[in-house]
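First the structure, in the form of structure tokens, and then the observations on it.
Throughout, a chain's letter reflects where its sequence line sits, starting with A, and its residues are numbered from 1.
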Protein chains: 2
Amino acid sequence: MTMSEMHLKDALDTLKTTGVRITPQRHAILEYLIQSMIHPTADDIYKALCGKFPNMSVATVYNNLRVFREVGLVKELTYGDAASRFDFVTGDHYHMICECCGKIVDFHYPGLNEVEQFASQVTGFEVNSHRLEVYGTCPECVAVGGKKVQ
Amino acid sequence: MTMSEMHLKDALDTLKTTGVRITPQRHAILEYLIQSMIHPTADDIYKALCGKFPNMSVATVYNNLRVFREVGLVKELTYGDAASRFDFVTGDHYHMICECCGKIVDFHYPGLNEVEQFASQVTGFEVNSHRLEVYGTCPECVAVGGKKVQ
DNA sequence: TTATTAATTTATAATCATTATAAATAGTGT
DNA sequence: ACACTATTTATAATGATTATAAATTAATAA
Ligand SMILES: [Mn+2]
Ligand SMILES: [Mn+2]
Ligand SMILES: [Zn+2]
Ligand SMILES: [Zn+2]
């Protein structure tokens, strides 16, 4: 069994135990998210699957992404004006984002617990989580001398 | 001269040297941003000033916030569905955000340069900046047993 | 297998932050 | 005060996301 197949099986199990029905659309969205490396938007997913599901509504994609987020299968990466992007959850990692072409690349880094603790002490908040993104220019965009777009 | 007055003077100087005209609306928006502690949305600013400027358009607020961002006077904090919030730039700092009431509190922390360097090495990107936010529950919301809302 | 039932999907309209447009107005240097 | 142009205003448009309600279907038990 490949890694992707294992992730899919685990995800379907999670849905089953959470009492969420497994529909062909949900199956396909999960499958797409697991194999995708691009951190797709809802519309990316819709476009990728509307060949297989000609009647599927964008609302279905949004609805299911919300369901997946609520049961912890998916993380939503939100940005201002631009559309949210979705990341199938496998483990903690951070994102490097190209300000020229929008590419998002994963990277792992040993936790930032000390920052969380420090922030908690100095603000008095109870800490739940944190979000770290690094912005820059990807090698491809550097090569063609790309300028900041988004 | 108070700190706020100095910030305002510096900001107006920046506009002058950048060739951006100083209008009453711009003056008022800057003044409001400098004294505000709440990291206001464009609409917050609009509501706060439309008493003084009964004919001002929301578009004016948005336009000027973009101008201020472009000349480096203001940072835009973007979130998914929710409206952007704006922060008058005085120095580098991070944000602690209450997931219950939405409050945003500043905190300072010695740079995360090593994370930037690490990320650059491992991804091959040229790094420009990073964004770190810590999420949790503020003391007030903890006191009343508030639950996660946004 | 079939019937039942509630969850889900679909189609469509609504929402809401933000941006675009064009005409009216006003800041700045002379 | 004048001329030139940036800015403001009013309004419409955009685009991502959500709401609604009717039609469909997954899951479960008889
Ligand atoms: Mn990722
Ligand atoms: Mn701040
Ligand atoms: Zn790039
Ligand atoms: Zn709070």
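Across all strands, T60(B) comes closer than 4.0 Å to base atoms (heavy-atom distances). At the heavy-atom level, P24(B) lies under 4.0 Å from the strands shown only through sugar-phosphate atoms.
At least one cation-pi condition fails for R26(B) and F53(B): the charged atom is not both under 6.0 angstrom from the six-membered ring centre and inside a 45 degree cone around its axis.
Comparing dT10(C), dT17(D), dT9(D) by their nearest atom to the side chain of S84(A) picks out dT17(D). Listed nucleotides dT10(C), dT9(C), dA17(C) differ in distance to N64(A); the shortest reach to its side chain belongs to dT9(C). For A59(A), taking side-chain heavy atoms from C-beta onward, the closest of the listed nucleotides dT28(C), dA11(C), dT9(D) is dA11(C). Checking dT5(D), dT17(D), dT8(C) against the side-chain heavy atoms of V20(A) singles out dT8(C) as nearest. Closest to the A42(B) side chain, of the nucleotides dT9(C), dT18(C), dA11(C), is dT18(C). When distances are taken from the side chain of M56(A) to each of dT10(C), dA26(D), dT8(D), the shortest belongs to dT10(C). Side-chain proximity of R21(A) to the nucleotides dT9(D), dA6(C), dA16(D) is greatest for dA6(C).
Computed from coordinates, the N63(B) CG to dA17(C) C1' distance equals 14 Å when rounded to whole Å. One atom, CZ of F68(A), and another, C1' of dT8(C), lie 12 Å apart when rounded to the nearest Å. Summarising the geometry, the separation between CD on E76(B) and P on dA17(C) is reported as 14 Å, rounded to the nearest angstrom. The nearest whole Å value for the distance from the CG atom in D44(B) to the C1' atom in dA17(C) is 13 Å. Straight-line distance from the CZ atom of F53(B) to the P atom of dT25(C): 17 Å, rounded to whole Å. Between F86(B) atom CZ and dA17(C) atom C1' there is a gap of 10 Å when expressed in whole angstrom units. For H27(A) and dA27(D), the NE2 to P distance is 11 Å, given to the nearest whole Å. What separates CG of L49(A) from P of dT10(C) is a distance of 11 Å, to the nearest Å.
Side-chain atoms of D44(B) and H39(B) form no donor-acceptor pair, as typed in the model, at a separation below 3.5 Å.
For dT10(C), the OP1/OP2 oxygens have a side-chain nitrogen or oxygen of Q25(A) closer than 4.0 Å. Of the side-chain N and O atoms in Y62(B), one or more sit less than 4.0 angstrom from OP1 or OP2 of dT18(C).
At least one donor-acceptor pair closer than 3.5 Å links the side chain of R85(A) to the backbone N or O of I38(A). A donor-acceptor distance shorter than 3.5 angstrom exists from the side chain of T14(B) to the backbone of D10(B), with no hydrogens or angles considered.
On a pure distance criterion of 3.5 Å, no polar donor-acceptor pair joins the side chain of R26(B) and the base of dT7(D).
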Taking distance alone, no hydrogens or angles, what donor-acceptor pairs closer than 3.5 Å link side-chain atoms of residues 1-9 of chain A to residues at least two apart or in another chain?
from: T2(A); atom 1: OG1; to: S4(A); atom 2: N; distance (Å): 3.4
from: T2(A); atom 1: OG1; to: E5(A); atom 2: N; distance (Å): 3.0
from: E5(A); atom 1: OE1; to: T2(A); atom 2: N; distance (Å): 2.8
from: K9(A); atom 1: NZ; to: D13(A); atom 2: OD2; distance (Å): 3.2

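Annotation: of the two residues near DNA chain C, V67(A) and R66(B), the 5′-most nearest-nucleotide partner is V67(A). When each of G19(B) and A83(A) is assigned the nucleotide of DNA chain D with its nearest heavy atom, G19(B) is the one assigned upstream, toward the 5' end.
Using a 4.5 Å cut-off on side-chain heavy atoms (C-beta onward), E133(A) and Y79(A) make contact.
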